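For reference, the structure is listed below as C-alpha cells.
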Amino acid sequence: MRAVAYHGPGTLRVVDKPEPTLEHPNDAIVRVTRTAICGSDLHLYHGLVPDTRVGTTFGHEFTGVVEAVGPSVRTLSEGDRVVVPFNIACGACFFCQRGLLANCDNVNPNTDIAGGVYGYSHTTGGYEGGQAERVRVPFADVGPLKIPDDMEDEQVLFLSDILPTGYQAAEMGEVKAGETVVVFGCGPVGLFAQRSAWLLGAGRVIAVDHVAERLDLARRWAGAETVNFTEVDDVVLHLKRLTDGRGADVCIDAVGLEAAGSTLHRVLGAAFLQAGRATALTWAIDAVRRGGNVSIIGVYGPPWNLVPIGTAMNKGLTLRMNQCNVRRYMPHLLEHIRAGRIDPRAIITHRLPLEEAPRAYELFARKQDGCIKCVLLPAAA
Amino acid sequence: MHHDEAMGWGVDRDPQRRPGVPAEQEPPRPAAGAVWTEPPSQPAGRAGRRQTPVYGTGQPLHGVSGVVRRLAYRAPDHQVRHWMLLLLADRLEVAGSRVREEPARALAVAAVLVGGLLLVRGVRGRRRS
C-alpha cells in the first residue's frame, strides 16, 4: 500500500509499505478515506519529538471503512464507516476507568508519560499512522465511532482530534458564563477552542496569533476579537488593557512548542536547552488574572521548558492540561455538529491526494497559500 | 461579536453537560466496548521498557541507533539522558539513512569536512612554526 514515510527532519516521502495485519484479537484494519495533517504532526516533521524513527508513517486524524476485524471484535464489522480517535486505549485500566483515555496504561511499552497515539513516534507506542491507504486500529471495540449514514466523512473527520481537543481546552479552562477567554493560537485547535468557549458561555473571546488569514478566520468564523501580537508593543500589556487591567479569566495555550514571538525561547529551543519554545504558555501565565485558569493543550516535548512557574504560584493560578481524551467527547460533539452549532469543514483550506503529502506538509508548515487545515485523500478512498 | 450572536452560545454552560466534568469520572468504570479486565496480549517480542498487552510494531530497533535507543530505555523517563539519548539516536538514524540512500552526496560532505579539518590543522601548524 502507499503510505507517507518520515526520512528525517523536513523530509517525507510517499512509499510502498506492507499492508497492515491483525496483530491482536481486538484489532481492525481500516481503509482510510480521509486523513488530515495536524499541527502536532509538524513537531514530528521537524524532528522535535524524541524517538521518531525513519520510516514512520504519521497521521492520527482519519476516517475510513472497516476491511477486517479480529476474532474478539463485537461492535464493528466489515464495511462500517468509522472515525477513529487519535488515542489508542484499552478502556479498562486504572486510567481508562477514570476517563483518562489519553493516559492508558496498556498501550505504550516505551514510557510512563504518554499513552498510545497513531503515527506519533515510539514515544507514544510506535504505532503506524493513518496517512496511508490502510491502518491497523487496535482496541477496535473501544476507540472508533461509527459514522451515521446521513453524515459525510469530512463532517466528522475532526472528531478524531482537533474538535474534541479544542473543546477540552476550553473545558479545562473551567469557563463560567460571561467570563473572558484568551486563546493563544488560531490554528485549527485554537479556532475550535474559541468556538467551544462560546458554547461554554464565555462573555468575550480574544484570539492571539500573527498569521493574517488565521486571525481573519478567528474573527469571521469563531467570532473572536483578535490581536496580532506583531502589531502591539507588548502582547501581555495589550491583553491587560483589553481586560480592565486585570487580565483574562481564562487563558488557553493552543500553540505548544513551535511558538513564534520570542527570540529567547527560539534560541533556547533550537539549542535543545528547552523542549521547544514555551512563548505562548509564558504569555498565558502572564496575561491571566490572579486566581485565573490556564489551560494547556499545546504539545510540548519532554523533558523541560522554561516557564514562569513562580508567577503562576504567586498569582494563585490553576493550571490544567492533558492530551485530549477524545472518545469521551465524540458523542457530545457529534450532537453539536448535527445541530449545526459547529461545522468543522469550515476550516479545511486544502484537499490534496496522499501522493502529494510532502507538498502538503510544506504548505502547512510554512503557512503558505493560506493553509490552515489540509486533508489528504488516499487513492483507494 | 457579542456573545448573543455566537452560534450555540452557552449551550454547555452547565458543567454537568460537559463530557469531561469531573475530570476523573466517578465512579470509575470501563469504557463502552471494553469487556475485559485485563486485555488479551498480542504476541510478545519487542524491545521497549516493559511489555504491554498492545504495542506498535513499526520500525523495530536496528543498527547503531538501535543500540543507543536500547541504552536510552535503560534510563527512566525523569532522567535527562533518556531523552537526550533518544534524540541522539534519531539523528544518527537519519544520518545513516542518508548515507545509504545518497552515498555520493554523503561522500562529498565527508570529503568537505575532512578537507576543512586538514586545512584548519595546516593553518594552526604554520602559526606555531
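All values derive from a computational prediction rather than experimental measurement. Just so it is clear: chains get the letters A, B, ... in the order the sequence lines come, proteins before strands, and each one is counted from 1.
- In terms of heavy-atom pairs under 4.5 Å with chain A, the best-connected choice from B:Asp77, B:Leu87, B:Val21, B:Asp14 is B:Asp77.
- Contacts with chain A were tallied for B:Arg18, B:Glu101, B:Glu24; B:Arg18 has the most, counting heavy-atom pairs under 4.5 Å.
- Of the N and O atoms on the side chains of B:Tyr55 and A:Asn110, not one donor lies less than 3.5 Å from an acceptor on the other residue.
- Of the possible polar contacts, none joining the A:Arg341 side chain to the B:Val11 backbone as a donor-acceptor pair under 3.5 Å is found.
- No side-chain donor-acceptor contact under 3.5 Å links B:Glu93 to the backbone of A:Arg53.
- Counting only distance, with no hydrogens or angles, the side chain of B:Gln59 and the backbone of A:Gly55 share a donor-acceptor pair below 3.5 Å.
- The most heavy-atom pairs under 4.5 Å with chain A, out of B:Pro22, B:Gly8, B:Pro28, B:Ala31, come from B:Pro28.
- When each of B:Leu86, B:Thr37, B:Leu85 is checked for heavy-atom pairs under 4.5 Å with chain A, B:Leu86 comes out on top.
- When heavy atoms are compared at a cutoff of 4.5 Å, B:Ala89 does not approach chain A at all.
- Contacts with chain A were tallied for B:Gly33, B:Ala34, B:Pro19; B:Pro19 has the most, counting heavy-atom pairs under 4.5 Å.
- Put simply, the side chain of A:His122 gets close to the backbone of B:Gly58: a donor and an acceptor are under 3.5 Å apart.
- Contacts between B:Ala23 and chain A at a heavy-atom distance below 4.5 Å involve backbone atoms as well as side-chain atoms.
- Two residues are said to be in side-chain contact when any heavy atoms from C-beta on lie closer than 4.5 Å; B:Val94 and A:Val54 meet this criterion.
- The heavy-atom pair separating A:Arg136 from B:Val54 by the smallest distance is NH2-CG1, 3.8 Å.
- Two residues are said to be in side-chain contact when any heavy atoms from C-beta on lie closer than 4.5 Å; B:Arg49 and A:Pro109 fail this criterion.
- Not one N or O on the side chain of B:Trp9 forms a donor-acceptor pair closer than 3.5 Å with the backbone of A:Gly203.
- With hydrogens and angles ignored, the 3.5 Å screen pairs a side-chain donor or acceptor of B:Asp90 with a backbone N or O of A:Asp51.
- Within the model, atoms CD1 of A:Ile113 and CH2 of B:Trp83 stand 3.5 Å from one another, a figure rounded to the nearest 0.5 Å.
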